[in-house]
K.L.:
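Input: one structure, supplied below.
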Amino acid sequence: MIRFLTAGESHGQGLVVIVEGMPAGLPIGEEYIGAQMARRQRGHGRGGRMKIERDWARVVSGIRHGRTLGSPIAMTIENRDWANWTQVMSVEAVEEATPRVTRIRPGHADLPGTMKYGYDDVRDALERSSARETAARVAAGAVARRLLEEFGVDIRSHSLAIGGVWAAAGDMGNMIDMDKIDWDAVEASPVRCADPAAEPGMMAAIDSAKEAGDTVGGVVEVVAYGVPIGLGSHVQWDRKLDGRLAQALMSINACKAVSIGDGWESINQRGSQVHDVIEPVTDPGNPWRRKTNRSGGTEGGMSSGTPLVARFAIKPISTLVKPLPSVDLDTGQLVQAHYERSDVCQVPPAGVIGEAMVALVLADAFMEKFGGDSVPETRRNYRGYLKTVGPRAMTPREEG
Ligand code: EPS
């Protein structure tokens, strides 16, 4: 079982993450994790904070001489901005009065968080609910990604839509031809878009929202290639891989919808148009090929062996330069919502965060299926299993 926990407030000293359950002997280091974290910091529509931060996960435990030990991997990520917040975010009680946030932002955790925890300062809710926390998830996800790489799993993402501008390939009802995506171009794109024709429109949508003191959302697609057949399970609701992916992606800040494969598009079609025909097996080493991948790589709550395709929607960020009318926490009277420096669009970083969450779910399902306390042991189990997944007449199986 691979699990992780994060800690940290947006303007506190930093973030902390512990990843547990990684097998021993996995080659990894801070450079590898840092490269993933740098990807999260980029993107058109990011605000001033990303100019301050140089996100780097310092490994405190669990890795020795460039290899995992099998023990919990603990990492810390410094908030450089902390230097500007030492009084406001002081751990110890402070003498001088700290200005309180009382103007509630609709759409953020401000109101329910403040009511639930009995706070008198909205900052006590907004600090932890900030998307700053996703830096820690990307650090954890990098470790999971490194494990999956050892087994040929490659996880990518791209922006399908931003501010109402859709990538042509993302036309609802048509699955993208994954083989045609130039992933290097996606990495170079300021909006992480695979369609160069849509990129200027997406950037313009961000720019015009910024000019208007507003924000925009969009849709991200995460693709995982090389996922073996049979991760997850059909036998219990909480073991279903698609359900676990949906929970993980929905937990990303500002995420409002998740779909797998054709998802919402499939409701307008007949069954014969929706399911992926299985082709006759000519190569037992590469069985169960499909003509299409409308299912997005899961059937019955398990991976089906085709690329895993998950989409998720990110709403426009709720912190607005031109704030919505709201109410004051103390008086209940009409005020303008609080404005605190923020981003105009979180869709490009959301792709990197989505990859991290998919990696963590897949790595967990992978270790559940193959087990092992060291990478060689996991590899033996993995290879042994793959020998059994062809057509029964072509795949001799060991006697029980
Ligand atoms: C973020 C850090 C935050 C925001 C953003 C994401 O830093 P600050 O509040 O100091 O600008 O830029 O958070 C949000 C969009 C949000 O709604 O909370 C980061 O590290 O990604």
Side-chain angles (χ1 to χ4, degrees), residues 6-17 33-34 36-57 75-89 99 101 103-114 121-142 157 162-163 192 206 209-210 213-218 220 251-256 313-321 323-324 326 337-357:
T6 74
E9 276 74 44
S10 184
H11 305 102
Q13 297 172 52
L15 300 161
V16 179
V17 57
I33 299 164
Q36 292 301 323
M37 300 187 69
R39 291 175 71 221
R40 193 200 72 98
Q41 289 204 263
R42 294 197 280 267
H44 194 62
R46 286 297 235 161
R49 179 72 183 271
M50 291 303 107
K51 293 192 179 78
I52 302 172
E53 301 299 340
R54 302 276 178 281
D55 289 344
W56 188 262
M75 296 176 272
T76 59
I77 302 150
E78 182 195 354
N79 284 336
R80 293 180 77 173
D81 203 19
W82 157 249
N84 304 312
W85 295 79
T86 50
Q87 202 243 335
V88 175
M89 294 302 294
V101 177
R103 291 173 295 135
I104 296 159
R105 291 169 303 170
H108 224 292
D110 295 9
L111 181 58
T114 300
D121 185 347
V122 172
R123 178 163 303 287
D124 289 342
L126 76 80
E127 283 289 333
R128 178 62 183 157
S129 65
S130 161
R132 177 82 192 131
E133 185 262 350
T134 60
R137 298 197 202 194
V138 171
S157 70
I162 290 181
R192 299 186 48 75
I206 294 170
K210 186 176 183 182
D214 219 322
T215 59
V216 283
V220 172
S251 77
I252 295 172
N253 308 51
C255 178
K256 285 286 150 191
I314 292 289
K315 72 176 177 180
I317 292 163
S318 47
T319 308
L320 304 175
V321 174
L324 286 171
S326 186
H338 175 71
Y339 172 68
E340 179 146 324
R341 173 194 59 201
S342 188
D343 302 326
V344 178
C345 179
Q346 271 273 346
V347 176
V352 181
I353 301 156
E355 290 177 29
M357 294 310 289

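Note that ligands are numbered from 1 as they come in the structure, with each ligand's atoms numbered from 1 the same way. Just so you know, these numbers use all the heavy atoms, side chains as well, and skip hydrogens, waters and symmetry mates.
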K.L.:
Give me the nearest non-hydrogen protein atom to atom 7 (O) of ligand 1 as residue plus atom name, then the distance to 0.1 Å.
P.N.:
R49 NH1, 3.1 Å
K.L.:
Need the ligand 1 atom indices (1-based, order shown) with element for anything under 4.0 Å from a heavy-atom of R46.
P.N.:
6 (C), 19 (C), 21 (O)
K.L.:
Who's the nearest protein heavy-atom neighbour of atom 5 (C) of ligand 1, and how far?
P.N.:
D343 OD2, 3.5 Å
K.L.:
Does E53 approach ligand 1 within less than 4.0 angstrom via side chain, backbone, both or neither, non-hydrogen atoms only?
P.N.:
neither
K.L.:
For a 4.5 angstrom cut-off between non-hydrogen side-chain atoms, does R192 reach V352?
P.N.:
yes
K.L.:
Could you check whether R80 pairs with D55 (Lys NZ or Arg NE/NH1/NH2 to Asp/Glu carboxylate O, under 4.0 Å)?
P.N.:
no
K.L.:
So which heavy atom on I77 is nearest to which on A139, and how close?
P.N.:
CD1-CB, 4.2 Å
K.L.:
Are side-chain heavy atoms of V344 and I317 found at a separation under 4.5 Å?
P.N.:
no
K.L.:
Tell me, which protein residue and heavy-atom name are nearest atom 17 (O) of ligand 1, and how many Å apart are they?
P.N.:
H108 NE2, 3.0 Å
K.L.:
Can you pull out the closest protein heavy atom to atom 6 (C) of ligand 1? Residue, atom name and distance to 0.1 Å, please.
P.N.:
Q346 NE2, 3.3 Å
K.L.:
Taking C-beta and beyond as the side chain, do N253 and R137 meet within less than 4.5 Å on heavy atoms?
P.N.:
yes
K.L.:
Pull out every atom of ligand 1 sitting under 4.0 Å from any heavy atom of H11, numbered as shown with elements.
P.N.:
8 (P), 9 (O), 10 (O)
K.L.:
Can G47 be said to touch ligand 1, with heavy atoms closer than 4.0 Å?
P.N.:
no
K.L.:
Taking N or O atoms only and a 3.5 Å limit, does S129 qualify as a polar contact for ligand 1?
P.N.:
no
K.L.:
Rounded to the nearest 0.5 Å, what's the gap from CZ on R49 to OG on S10? Could you check?
P.N.:
4.0 Å
K.L.:
What protein heavy atom sits nearest atom 20 (O) of ligand 1, and how far away is it?
P.N.:
R40 NH2, 2.9 Å
K.L.:
List the closest protein heavy-atom neighbour of atom 3 (C) of ligand 1: residue, atom name, distance to the nearest 0.1 Å.
P.N.:
S130 OG, 3.7 Å
K.L.:
Does some side-chain heavy atom of M37 sit less than 4.5 Å from a side-chain heavy atom of E53?
P.N.:
no
K.L.:
N/O to N/O below 3.5 Å, does that happen between R341 and ligand 1?
P.N.:
yes
K.L.:
Does ligand 1 have any atom that is closer than 4.0 Å to a heavy atom of Q41?
P.N.:
no
K.L.:
Could you tell me whether some N/O pair between A131 and ligand 1 is separated by less than 3.5 angstrom?
P.N.:
yes
K.L.:
Is it true that T319 and R341 share a donor-acceptor pair across their side chains at a distance under 3.5 Å?
P.N.:
no
K.L.:
Inspect the contact between R39 and E355 and indicate whether a charged nitrogen and a carboxylate oxygen are less than 4.0 angstrom apart.
P.N.:
yes
K.L.:
Side chains of L320 and T215: does their closest heavy-atom pair fall under 4.5 Å?
P.N.:
yes
K.L.:
Counting only nitrogen or oxygen atoms and a 3.5 angstrom limit, does S342 reach ligand 1?
P.N.:
no
